[in-house]
Amino acid sequence: MNSFESLIAGLIADKAPITIEDARQLLVVPQDSSHGNFSFPCFSLAKLLKKNPKLIAEELADQIILPVGLAKVEALNGYLNFYMDRAFLASKVLLEIEEKKLNYGHAPQNNKSVVIDFSSPNMGKELAFHHLRSTMIGNSLSKIYEANGYKVERVNHLGDWGTAFGKLIVMYLKENLPLEDQELEKLSVKELNLLYASFANEAKSNPEIEEEARKAFTRLEQGDALYRKLWAAFKEATLKELRRLYQILGVSFDHYVGESFFEDKIPAVIENLQQKKLLIKSQDLDVVMLEDKKLPPCLIRKSDGSTLYATRDLAAAIYRKETFDFEKCLYVVDLGQSLHFKQVFEVLKQMDYAWSQDLLHIPFGLILQQNEEGKWEKGKTRTGTASLLRDVIEAATQKILDFIEEKNPNLADKKTVATQIGVSALVFNDLKNKRLMDVKFDWDAALSFEGATGPYVQNALVRLYSIMRKAAYTVDKNDVQWDQIIDDTAYELIKTLGRKEENIRKACEANEPSILAQYALDIAEAAHRFIHHNRVLGSTEEQSRLFLVQQAQTVLENTIELLGLYPIQQM
RNA sequence: GCACCUGUAGCUCAGUUGGAUAGAGUGUCAGCCUCCGAAGCUGAAGGUCAUGCGUUCGAAUCGCAUCAGGUGCGCCA
């Protein structure tokens, strides 16, 4: 498709006073497909030639000689519309898919690495529903970057350090819970969640406990043996449940590097800051002033000498650059933390790290749920209105299972399939809109099989698979008659398949999985339409149509995979 | 108060680098299974693109201002 834009730009440049580059810039793909595949607006030429754009378009249409692949050029309302030869396009697109298979539309390896920091939950807490966003946006971006030729380092930057652990330790000891290794191994994240709740409760009547927690963390930082043992047990209990959930979601990481890992790398960072005269005492705190950038100061060290979130992020960024020599480092973290990242990136810049400009915060909006008055609001962990991720997944699975029992009770391995559909529905609901938009979560809409949903996309793939299963053979490309797949629905499907490369590239450039999610919907819709309007098996055009079904299946399957949904074959 | 995000059909959202008559889904209404999965397809109705001014041959898109909703701002992460 790209080569055709250049070709057409060349045709125009040949007959009009405009460079190929400029002509290519002006060339658009019309929204209305009845206006052709490519359209050239003649208005800027009109200004240059001081001539009516309608007239220019008409003259150009007369003069241009069409090369192979183009069927028609037409002047309309000052636009020059180019129509491709349908059979030509069909052969060009489908043969390339047949050759490249699932890698169709991918870019070659580029020997550049990208670090993607995503999911990164806090230890000691259960995953809430909203953690799905970072996890699945990051997961999809990882796959998208790989498809664009990058080496991706998936990093789970666990929140395993900080005052929160002081709170847990204080509460654990206060409640006289067992300290033997055997007992600690049995700890579950559920119990830790309860400790947080009792801490918050206690803090209401006894605010000094907050100070105790801070002291406990300082003691942990200083290496107290008992505190370290408890900390390790808390972390392990959380990781156990975390791994279980990632397994269900189909997510994996290359590195689990918690904040605690950077503990011994922090003194060097602080020394560095001092050397560069960036560290300043302010109200007993060590900070870096950023007022010239109109940012509040970045807090580096608390009054008791212990470290903060930003300090550890500085150390982590430096470590990642040294270890991975990344081209880019993405932080898939909610929008609410954009100030924090601005500060951290700016401090690194002031430390003279030129690569600080390669650090990118990839923000996303909140998950909102509707309250009794119908107002959209954020679930709050503290008040317990936030749903736990495991509960949401379980409820989704059950709902899908009920549906399968009703519609397709003989399906094999129903429970597994229901989980895969349920998870995919939740994930698709998270990815289908632009990252920055808040997700207004509606159970019925998300799990519906109709409309812009995961199941709708999966169902299109299932139908394609079903036809191929029944055909029970693979079409040889030499048996395809291209002019048998040029009706409107086939042509729309082929054009859609041909846009895969462009969509993968755009999704990568914008760090925006929703571009690919919308594309998956386009393919699914075109596929549903095609197989509804064209009988495949038993028709005189069977081989040609089946070849299209094969290639559509390949493209849809890979697109689904890049989003992190399950490409199921039966449902 | 300051900073950031959002505002497009009743609801949830797309809208490419500024291009032609602003598009989907959902809901409402009306149709299509002797036929590869109806978990699907086809049609109708539904719009002051928050508002105003500006730039341009041309603005939902770019600039400025205003309004509305949301989020964040020193010892949490």
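Note on naming: letters A, B, ... go to the chains in the order of the sequence lines (proteins, then strands), and numbering restarts at 1 for each one. All values below were derived from every heavy atom in this structure, side-chain atoms included, with hydrogens, water molecules and symmetry-related copies excluded.
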Exercise for the section: Mark yes when over 12 heavy atoms from residues, nucleotides or ligands other than A:K54 sit less than 6.0 Å from its NZ; otherwise mark no. Expected result: no
Exercise for the section: Count the heavy atoms belonging to other residues, nucleotides or ligands that lie under 6.0 Å from NZ of A:K281, then report whether that count exceeds 12. Expected result: yes
Taking a pair as Watson-Crick or G-U wobble with both distances under 3.5 Å, which nucleotide is matched to [N]?
N     : result
B:A45 : none
B:A3  : B:U71
B:C53 : B:G63

Report which part of the nucleic acid [X] touches: base, sugar-phosphate, or nothing (heavy-atom distance under 4.0 Å, all strands).
X     : value
A:A46 : nothing
A:L27 : base
A:K54 : nothing

Problem - Near-parallel close stack of A:H532 and B:G40 base (under 5.5 Å, under 30°) - result: no
Between the protein and nucleotides 74-76 of chain B, list the N/O to N/O atom pairs that are separated by less than 3.5 angstrom.
unit_1: B:C75; atom_1: O2; unit_2: A:S303; atom_2: N; d: 3.1
unit_1: B:C75; atom_1: O2; unit_2: A:S303; atom_2: OG; d: 3.2
unit_1: B:C75; atom_1: N3; unit_2: A:S303; atom_2: OG; d: 3.3
unit_1: B:C75; atom_1: N4; unit_2: A:Q283; atom_2: O; d: 3.2
unit_1: B:C76; atom_1: OP1; unit_2: A:R214; atom_2: NH1; d: 2.5
unit_1: B:C76; atom_1: OP2; unit_2: A:T163; atom_2: OG1; d: 3.2
unit_1: B:C76; atom_1: OP2; unit_2: A:K302; atom_2: NZ; d: 3.3

For the pair made of [atom1] in [X] and [atom2] in [N], what is the distance, rounded to whole Å?
X      : N     : atom1 : atom2 : value
A:N433 : B:A24 : CG    : P     : 17 Å
A:D438 : B:A68 : CG    : P     : 19 Å
A:L80  : B:A20 : CG    : C1'   : 14 Å

Practice task
Kindly indicate whether the side chain of A:D522 and the base of B:A14 share any N or O donor-acceptor pair separated by less than 3.5 Å?
Solution key: no
Exercise for the section: Could you classify B:G74 for me, syn or anti, using a glycosidic angle within 90° of 0 as syn? Expected result: syn
Practice task
Compare every heavy atom of A:P121 with every heavy atom of A:L242, then report the nearest pair and how far apart it is.
Solution key: CD2-CG, 3.7 Å
Exercise for the section: State whether A:K378 places a side-chain N or O below 4.0 Å from either non-bridging phosphate oxygen (OP1 or OP2) of B:U71. Expected result: no
Problem - Pairwise P distance, B:G63 and B:U17 [rounded to whole Å] - result: 14 Å
Handout entry: A:F43 side-chain proximity, nearest of B:G70, B:G19, B:G72
Key = B:G19
